[in-house]
Undergrad: 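First the structure, which I've put down as structure tokens, then a few questions once you've had a look.
For the numbers below, each heavy atom of this structure counts, side chains included, while hydrogens, waters and symmetry mates do not. As the structure lists them, so they are numbered: ligands from 1, and atoms in each ligand from 1. None of the values given here were measured: they were computed from a predicted structure.
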Amino acid sequence: MPLVDTLGRPLRTLRVSVTDRCNLRCEYCMPEQEYVWLSRDDLLHFEELSRLVDVFVALGVDKIRLTGGEPLLRRHLPELVDVLARKPLQDLALTTNAMLLDEYAAPLKRAGLRRLNISLDTLQPGRFLQLTRQNEHARVMRGINAASRLFSGTKLDAVIMRGVNDDELEPLLDYGASIGAEVRFIEYMDVGGATRWTSETVVSRREMVERLTARFGAVTALDEPGSTAPAARYALPDGRMFGIISSTTEPFCRDCDRARITADGMFFTCLYATDGLALRDAVRGGESPDTVSKLIEDRWHARRDRGAEERVEVRDRTAYVPLATLREHPHLEMHKRGG
Ligand code: SAM
């Protein structure tokens with residue numbers, strides 16, 4: 001019997017955060033000057049992660065995405081990829097801001113990484129600096145170029161914010177086409193470190209589709225029965241495809257088969273969940289796979305999360321977690337639990 005939660009949702013996708021450190025300070029994710037970091041001793045070692053992933057695979061997980069923080073800041077990451085690539089997975093992907101991809105694209109490919117999701121919110125160097133506090137746009141573009149020569153099926157993810165980069169829908173689509181990557185526009189979410197979130201800054205899926213329709217002509221929504229991917233996919237009249245992740249205005253919790261593990265082994269069953277299940281001690285302490293599996297099973301069986309859908313019902317919506325609470329409970333940060 002497959003493991004399902006109270007709404008009948010299976011556990012199939014795991015986001016594994018390998019570090020909470022990041023080399024960018026994106027306005028919508030890490031806008032503060034100071035953060036409380038995980039101590040290095042607390043991070044799961046690769047061997048511990050491998051054993052934990054085996055337990056998840058036995059429970060039905062067949063898609064893994066490495067994330068962070070910026071996952072390429074985790075030392076020797078290709079070694080972890082090499083270990084995970086040997087497991088029976090349908091997909092093994094990595095989410096990155098591409099700052100270090102020029103150096104890592106080839107070792108990751110050799111290690112068996114199948115796909116990349118690259119976050120790129122702007123094609124304008126000055127805007128990149130404003131948005132991330134790092135003057136490194138050229139380096140990111142070099143990283144993306146290196147990766148696009150080696151990987152196919154790359155997704156280019158852009159968080160769209162009104163008055164910040166919402167004039168770049170078309171240039172981003174053009175750029176994606178030029179490197180053979182499918183662009184996904186992400187609605188600005190109120191979760192984690194997005195302490196400056198306002199509903200006015202959100203550009204909804206509906207508005208994005210309207211704008212692209214006005215520019216290109218009819219945009220066709222693709223029918224993808226059975227898909228649990230977070231993005232709804234569309235085609236432009238010229239055949240180019242793109243996706244929109246509408247977690248803020250039209251979420252899709254009923255299909256959500258995703259869970260997250262933080263770099264220190266905390267298991268979260270929803271991006272909005274406030275209580276995680278600490279698995280590190282069980283894994284580090286040498287508990288049997290059956291014991292660790294039972295902990296995960298019990299948590300997933302009891303899962304009722306519909307975090308994003310519940311947020312839609314909130315009137316006068318502001319940031320989900322106030323800054324003071326984030327400081328007290330850093331695991332609520334997006335850069336800790338993995339976007
Ligand atoms: N550093 C890596 C990267 O930039 O892809 C991985 C971690 S990052 C937290 C993962 C994804 O979460 C990125 O695509 C980022 O844009 C997205 N993200 C972070 N905060 C967000 C927010 N408030 N709303 C929407 N997406 C967000």
Side-chain angles (χ1 to χ4, degrees), residues 15-32 35 64-74 77 93-101 104 108 113 115-122 128 131-134 136-137 139-140 143-144 147 154-162 164-166 168 172 181-199 201-205 208 230-231 243-249 251 258 260-263 268 271-272 307-308 311 317-321 323 326 330-339:
R15 302 262 167 96
V16 178
S17 175
V18 291
T19 179
D20 60 338
R21 310 274 166 156
C22 195
N23 40 15
L24 296 181
R25 287 291 178 273
C26 297
E27 168 71 17
Y28 51 76
C29 187
M30 299 184 74
E32 316 307 330
Y35 285 96
I64 288 190
R65 173 124 62 93
L66 299 174
T67 180
E70 171 48 43
L72 295 181
L73 288 177
R74 178 75 187 253
L77 190 74
L94 172 94
T95 300
T96 175
N97 60 29
M99 284 270 282
L100 299 170
L101 256 190
Y104 277 104
L108 288 169
L113 187 75
R115 260 188 345 95
L116 286 167
N117 284 45
I118 299 178
S119 304
L120 179 72
D121 303 319
T122 178
F128 183 88
L131 200 55
T132 67
R133 302 213 302 266
Q134 296 293 319
E136 295 281 15
H137 193 258
R139 183 170 169 188
V140 163
I144 298 177
T154 298
K155 307 250 168 63
L156 212 55
D157 291 337
V159 178
I160 300 301
M161 298 167 75
R162 191 180 309 283
V164 176
N165 63 346
D166 59 327
E168 291 197 64
L172 282 165
E182 187 167 311
V183 176
R184 303 193 307 174
F185 299 118
I186 306 178
E187 288 182 352
Y188 182 20
M189 293 177 71
D190 57 353
V191 75
T195 48
R196 300 175 189 174
W197 186 92
T198 64
S199 57
T201 321
V202 176
V203 182
S204 67
R205 162 163 82 168
M208 289 191 238
I244 301 184
I245 301 181
S246 57
S247 320
T248 302
T249 67
R258 276 177 296 287
R260 291 177 161 78
I261 284 283
T262 63
F268 285 100
L271 201 48
Y272 286 89
R311 291 297 291 161
R317 202 167 160 181
T318 55
Y320 179 53
V321 192
L323 184 54
L326 284 175
H331 279 91
L332 298 177
E333 294 277 7
M334 182 81 121
H335 68 270
K336 285 243 177 351
R337 63 180 53 181

Undergrad: Kindly confirm or rule out an N or O of S119 lying under 3.5 angstrom from an N or O of ligand 1.
TA: yes
Undergrad: Looking only at non-hydrogen atoms, which of G193, G68, G69 approaches atom 1 (N) of ligand 1 most closely?
TA: G69
Undergrad: Suppose I only count heavy atoms of A194 and a 4.0 Å limit; which atoms of ligand 1 are within that range?
TA: 23 (N)
Undergrad: May I ask you to check if ligand 1 and D157 share an N or O to N or O distance below 3.5 Å?
TA: no
Undergrad: Is there a protein heavy atom less than 4.0 Å away from atom 8 (S) of ligand 1?
TA: no
Undergrad: Can you give me the closest heavy-atom contact between H335 and D20, atom names plus distance?
TA: CD2-O, 3.1 Å
Undergrad: Regarding ligand 1, does Y28 bring an N or O atom to under 3.5 Å of one of the ligand's N or O atoms?
TA: yes
Undergrad: Just which atoms of ligand 1 are under 4.0 Å from any heavy atom in C29?
TA: 19 (C), 20 (N)
Undergrad: How long is the span from the CZ atom in F185 to the OG atom in S246, to the nearest 0.5 Å?
TA: 13.5 Å
Undergrad: If you take all heavy atoms of G193 and E333, which pair is closest and at what distance?
TA: CA-OE1, 3.3 Å
Undergrad: Looking only at protein heavy atoms, identify the closest one to atom 27 (C) of ligand 1 and say how far it is in Å.
TA: M334 CE, 3.7 Å
Undergrad: Give the ring-plane orientation class for H331 versus F268, where under 30° counts as parallel, over 60° as perpendicular and anything between as tilted.
TA: tilted
Undergrad: Could you grab the distance from atom OG of S199 to atom CG of D190, nearest 0.5 Å is fine?
TA: 10.0 Å
Undergrad: Check each atom of ligand 1 against the heavy atoms of E187 and keep those under 4.0 Å away; list them by number with element.
TA: 25 (C)
Undergrad: Within this structure, what is the CD1-CD distance for the pair I160 and E168, rounded to the nearest 0.5 Å?
TA: 7.5 Å
Undergrad: Write down the atom of S17, the atom of K336, and the distance for their closest heavy-atom approach.
TA: OG-O, 3.3 Å
Undergrad: Around atom 26 (N) of ligand 1, find the nearest protein heavy atom and jot down its residue, atom name and distance.
TA: V159 CG2, 3.4 Å
Undergrad: For the side chain of R74 and the backbone of V18, is there at least one donor-acceptor N/O pair under 3.5 Å apart?
TA: yes
Undergrad: With a cut-off of 4.0 Å, which atoms of ligand 1 are near a heavy atom of T95?
TA: 2 (C), 3 (C), 5 (O), 6 (C), 10 (C)
Undergrad: Would you mind running through ligand 1 and noting each atom that sits below 4.0 Å from a heavy atom of T67?
TA: 6 (C), 7 (C)
Undergrad: Which is it for T96 and ligand 1 at heavy atoms under 4.0 Å: side chain, backbone, both or neither?
TA: backbone
Undergrad: Near G339, which atoms of ligand 1 are under 4.0 Å from a heavy atom of that residue?
TA: 9 (C), 10 (C), 12 (O)
Undergrad: Let me know which of I118, L72, V16, I64 forms a side chain to side chain contact (heavy atoms under 4.5 Å, CB included) with L94.
TA: L72
Undergrad: Considering the heavy atoms of I186, write down every atom of ligand 1 situated less than 4.0 Å from one of them.
TA: 25 (C), 26 (N)
Undergrad: Testing N97, N23, T95, T19 one by one against E70 for a side chain to side chain donor-acceptor pair (under 3.5 Å), which residue passes?
TA: N97
Undergrad: Just to be sure I'm reading this right: ignoring hydrogens, which of E27, M189, R65 gets closest to atom 22 (C) of ligand 1? Compare them by their nearest heavy atoms.
TA: M189
